Number of protein chains: 2
Amino acid sequence: MGKSKTEHFSEATNELSAIGKCISHPARIAIIEYLLKSESCICGDIVASLPLSQSTVSQHLKELKSIGLIKGEISGPNVCYCIDVNQWNFIQQKLGAFFNQVPKSMECETDCC
Amino acid sequence: MGKSKTEHFSEATNELSAIGKCISHPARIAIIEYLLKSESCICGDIVASLPLSQSTVSQHLKELKSIGLIKGEISGPNVCYCIDVNQWNFIQQKLGAFFNQVPKSMECETDCC
DNA sequence: AATTCTTATCGTAATATTGCGATAAGAATT
DNA sequence: AATTCTTATCGCAATATTACGATAAGAATT
């Protein structure tokens, strides 16, 4: 009843869905886009770039960090967030492998689609 | 207050997050994997392959359909679900373009990570 | 030591998602 | 026409997510 059933699926399946969850919110996409394009990686600047409160952004940063997509380094009074290039490449590869699979749909046996 | 703020983000950002949401649940990944690998695309067979009730699976199918990743065709008393190859390729391309961006992190200005 | 600045965490409220059984609706069979 | 089979939808409950303000905690400055 609303309780997630992740334990019934394979590790690979759960890994992919975790990646999906990470990029399933526009704020998290926006944070990644910011880190990809901006010179700054200071937490405060990320917060300033988003239409969300500091605490909310902090939560999104935590989620991105939890999957390893970004890493935070304390820099004086600030925290500098950067994309973890290794994990970035790993995720790119995982998603790439998934979507490189060619759908059988084109030659559907039942001839229904 | 819990209310999503999608309207504050760009269309491209929301589009990507919608893709993410679609693949953010293991059941939906499993459905896609099933359609990629199996000979059958009959709804009932998909349901039988998952540890979830018929109504729950139907809901996940609806979500996948809403983003156009799969399409359902009525075939007698059954419904045949297939991956929409055009949308599949479109999404592959969108995700590919996103992850092909090279993180600036490697040359972080602030030298903090 | 007090203040200020920055960020994380806590507490809470609103909303969304997930899941199921029951039921409806449509097609095929009897 | 009644029955059966298949799938979608409804209604509801449990859980998860999203968001914010308040507050804590740590660093730098005064």
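Computed from a predicted model, the values in this text were never measured in an experiment. In what follows, chains are A, B, ... by sequence order, proteins preceding strands, each numbered from 1.
Among the nucleotides dT18(D), dT7(D), dG19(C), the one closest to any side-chain atom of H25(B) is dG19(C). The side chain of R28(A) approaches dT18(D) more closely than any other nucleotide in the set dC20(C), dT18(D), dT7(D). Residue H60(B) places its side chain closer to dG19(C) than to any other of dG19(C), dT7(C), dT17(D). Distances from the side chain of Q54(B) to the nucleotides dT7(C), dT7(D), dT18(C) place dT7(D) closest. With dT7(D), dA19(D), dG19(C) as the choices, the nucleotide that has an atom nearest any side-chain atom of T56(A) turns out to be dA19(D). Taking only side-chain atoms of S55(B), from C-beta outward, the nucleotide of dT18(D), dT17(C), dA22(C) with the closest atom is dA22(C). Comparing dC20(D), dT9(C), dT9(D) by their closest approach to the side chain of K62(A) singles out dT9(C).
Taking CD1 of I31(A) as the reference point, atom CG of L61(A) lies at 4.5 Å (rounded to 0.5 Å).
Look at CZ on F9(B): it is 11 Å from C1' on dA19(D), rounded to the nearest Å. Summarising the geometry, the separation between CD1 on I23(A) and P on dT18(D) is reported as 13 Å, rounded to the nearest angstrom. Rounded to whole angstrom, the span from the CD atom of Q59(A) across to the C1' atom of dT9(C) amounts to 9 Å. Counting to the nearest Å, the C1' atom of dG26(D) and the CD atom of E73(A) are 16 Å from each other. As rounded to whole Å, 16 Å separates atom P of dT7(D) from atom CG of L64(B). Rounded to an integer number of Å, the gap from I74(B) CD1 to dT7(D) P is 11 Å. The distance from atom CG of L52(A) to atom C1' of dA8(C) is 16 Å, rounded to the nearest whole Å. In this structure, N78(B) places its CG atom 10 Å from C1' of dA28(C), rounding to the nearest Å.
The backbone N or O of S17(A) lies less than 3.5 Å from no partner atom in the side chain of R28(B), so there is not a single donor-acceptor pair. Looking only at distances, no side-chain donor or acceptor of S58(B) sits under 3.5 Å from a matching main-chain atom of S55(B). Under a 3.5 Å cut-off, the side chain of N14(A) and the backbone N or O of F9(A) do form a donor-acceptor pair.
In this structure dT9(D) sits in a base pair with dA22(C), meeting the Watson-Crick or G-U test at under 3.5 Å. Searching all strands for a Watson-Crick or G-U wobble partner of dT18(D) with both distances below 3.5 Å returns dA13(C). dA28(C) and dT3(D) make up a base pair, with Watson-Crick or G-U wobble contacts both under 3.5 Å.
Smallest separation of non-hydrogen atoms from Q101(A) and W88(B): O-NE1, 3.3 Å.
At least one side-chain nitrogen or oxygen of Y81(B) sits closer than 4.0 Å to the OP1 or OP2 atom of dA8(D).
In this model, no side-chain donor or acceptor of S53(B) finds a partner on the base of dG19(C) within 3.5 Å.
Nearer the 5' end of DNA chain D, as judged by each residue's closest nucleotide, is the contact made by C43(B), out of C43(B) and A27(A). Along DNA chain C, the nucleotide nearest E63(B) and the nucleotide nearest K65(A) are compared for position; the residue whose nucleotide lies closer to the 5' end is K65(A).
With C82(B), the cysteine C41(B) has an SG gap of 2.5 Å or longer.
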